[in-house]
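Here is the structure we will look at, set down as structure tokens.
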Amino acid sequence: MARGVRSGFGWQLVPWLGALAVAVFVVQFVGRKAVADPGQFLITGLNGLTLGGLYFLVASGFTLIFGVMRVVNLAHGGFYLLGGYLGWSIFRETGSWALAAVGAAVAICAIGVTVQQLVLRRIQGQDMREALVTIGVSIIIADLIIAFWGGAFVDIGRPVALDGTVRMLGEAYPAYRLFVLLVAIAVGLGLWLLLHRTRAGMIVRAAVDDRHMVSALGVNVELLYVGVFALGALLAGFSGVMGGSLLSLSPGEDGRYLLVSLVVVILGGMGSLGGAVLSAAAVGLVEQYAAVYDPTYSVLYTFVLMVIVLALRPRGLFGREA
């Protein structure tokens with residue numbers, strides 16, 4: 001018996017020893033690169049944080065819908081991409097970036113509520129059906145995007161006030177990238193206050209744990225779920241404009257951002273906003289540093305990060321039992 005306990009304890013140490021070895025390698029690698037070219041190293045880190053800010057904006061809506069409500073919405077990437085294209089069209093017609101952001105967010109919010117009410121409400125709690133139905137929705141969205149806008153890359157453009165640069169670390173740095181980071185921080189703080197410091201947020205968290213009890217107390221749980229889904233879809237549409245101004249838009253990007261959202265939610269822990277913030281920043285930093293210092297294998301590093309985190313924390317950084 002004692003031998004079995006010792007053997008089990010030894011196997012439990014393996015992930016921690018592996019993580020320690022990786023940490024030692026990362027520290028010495030970071031030290032060498034920072035000393036060799038500190039300017040490039042710091043700019044790459046800032047690029048990683050701003051990219052992580054965009055990832056959090058995309059994943060924040062997914063965190064609400066999937067992480068908090070436990071609704072498997074695999075059309076989230078399609079909502080992001082459709083929001084970006086709608087924003088591009090509005091910006092092209094009006095010349096107003098703010099109007100494009102608001103218009104796209106409201107339009108995707110309306111589409112999201114329609115999908116939730118007409119389809120997902122009828123199969124709520126049936127994970128496999130939710131996944132299959134929302135995959136179908138994402139395919140329809142992808143086909144509509146190609147039918148209306150074609151397959152070319154488009155760039156929404158940036159607000160005039162943010163289309164310049166600022167001096168950072170002795171170099172010119174795009175002002176819009178810093179704006180994306182600030183918006184991500186503001187959205188994260190706003191969502192945290194909403195969920196943890198308001199009555200509505202407390203009801204949402206209670207409904208996740210025991211929907212029937214909350215309903216018995218006289219709360220309209222269906223209306224509550226509609227509101228949360230609407231907010232998640234609104235954030236997806238808004239982030240599509242933010243992402244289309246930071247990078248570009250093209251058919252197929254919906255799958256990439258859905259995958260990133262899944263990784264962020266899984267790494268951070270289901271329903272944890274703090275975990276989503278940390279994991280989005282980590283994914284952004286890993287992607288940027290890997291792209292600069294090891295471009296050949298850069299695509300693998302995000303999954304290495306996910307393997308290490310889940311080996312140590314199977315429910316994610318701040319996950320709890322569902």
Side-chain angles (χ1 to χ4, degrees), residues 42-62 76-112 145 148-150 152-191 193-194 230-251 253-254 256-257 260-261 276-277 280-281 284-285 287-288:
L42 292 174
I43 289 296
T44 302
L46 197 54
N47 286 341
L49 287 176
T50 54
L51 181 62
L54 174 61
Y55 286 166
F56 173 73
L57 286 175
V58 181
S60 59
F62 194 72
H76 189 77
F79 287 167
Y80 164 86
L81 192 60
L82 181 58
Y85 274 99
L86 288 173
W88 177 71
S89 294
I90 295 171
F91 184 69
R92 186 178 59 178
E93 293 297 326
T94 66
S96 171
W97 187 91
L99 186 60
V102 173
V106 172
I108 298 302
C109 176
I111 292 171
I145 287 174
F148 280 95
W149 290 283
F153 285 79
V154 298
D155 183 351
I156 294 177
R158 285 148 292 281
V160 176
L162 299 171
D163 202 17
T165 59
V166 295
R167 299 298 297 181
M168 298 246 349
L169 308 172
E171 298 184 25
Y173 194 78
Y176 183 76
R177 277 189 168 269
L178 297 177
F179 173 69
V180 171
L181 184 58
L182 291 175
V183 170
I185 293 171
V187 168
L189 182 60
L191 289 177
L193 290 173
L194 175 65
L231 179 57
L234 184 142
L235 288 170
F238 174 71
S239 62
V241 178
M242 296 290 289
S245 298
L246 179 65
L247 302 173
S248 62
L249 299 169
S250 66
E253 287 290 288
D254 52 339
R256 174 194 171 190
Y257 284 97
V260 168
S261 298
V277 170
L285 287 168
E287 279 195 11
Q288 287 298 295

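For clarity, every value in this text was computed on a predicted model and none was experimentally measured. No hydrogens, no waters, no symmetry mates; every other heavy atom, side chains included, goes into these values.
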Practice prompt. Hey, could you give me the CD1/CE distance between Ile156 and Met242, rounded to the nearest 0.5 Å?
Written response: 10.5 Å

Discussion item. Under a 3.5 Å distance rule, please check whether His76 uses its side chain to pair with a backbone N or O of Val58 as donor and acceptor.
Written reply: yes

Worksheet entry | OH on Tyr80 to CD1 on Ile108, rounded to 0.5 Å | 12.0 Å

Worksheet item: Does Val102 reach the side chain of Ile90, with side-chain heavy atoms less than 4.5 Å apart?
Response: no

Worksheet item: So, do Ile145 and Leu249 sit near enough that their side-chain heavy atoms are less than 4.5 Å apart?
Response: no

Worksheet item: Between CG of Leu181 and CG of Asn47, what distance do you get to the nearest 0.5 Å?
Response: 11.0 Å

Worksheet item: Under 4.5 Å between any side-chain heavy atoms of Leu57 and Leu235, yes or no?
Response: no

Worksheet item: Under the 3.5 angstrom rule, does the side chain of Arg158 hit a backbone N or O of Asp163 as a donor-acceptor pair?
Response: no

Worksheet entry | Where Ser261 and Ala59 come nearest, the two heavy atoms and their spacing | OG-CA, 3.8 Å

Fill in: Shortest non-hydrogen contact from Ala184 toward Phe56
O-CE2, 3.6 Å

Worksheet item: Hey, are the side chains of Leu86 and Trp149 touching, using non-hydrogen atoms and a 4.5 Å cut-off?
Response: yes

Practice prompt. Check whether any side-chain heavy atom of Leu54 sits under 4.5 Å from a side-chain heavy atom of Tyr257, and report yes or no.
Written response: yes

Worksheet item: Is the closest side-chain heavy-atom distance between Leu246 and Thr50 below 4.5 Å?
Response: no

Worksheet item: What is the distance from atom OH of Tyr176 to atom OG of Ser245, rounded to the nearest 0.5 Å?
Response: 4.0 Å

Worksheet item: What's the spacing between Leu46 CG and Leu285 CG if we round to 0.5 Å?
Response: 9.5 Å

Discussion item. Please give me the minimum heavy-atom distance between Ser60 and Val187, naming the atom from each residue.
Written reply: OG-CG1, 4.3 Å

Worksheet item: Which pair of non-hydrogen atoms, one from Cys109 and one from Leu234, has the smallest distance, and what is that distance?
Response: CB-CB, 3.9 Å

Worksheet item: What are the two closest heavy atoms between Pro251 and Gly150, and how far apart are they?
Response: CG-O, 3.7 Å

Worksheet item: Nearest 0.5 Å, what's the CG-CG distance between Leu178 and Leu162?
Response: 9.5 Å

Fill in: Considering all heavy atoms, the nearest Phe153-Ser248 contact
CD2-OG, 3.7 Å

Response to the item:
Across all chains, not counting sequence neighbours, the ring pair (Phe, Tyr, Trp, His ring centres under 6.0 Å) partners of Tyr55 are none

Worksheet item: Using the ring of each side chain (for Trp, its six-membered ring), is Trp88 parallel, tilted or perpendicular to Tyr85, with breaks at 30° and 60°?
Response: perpendicular

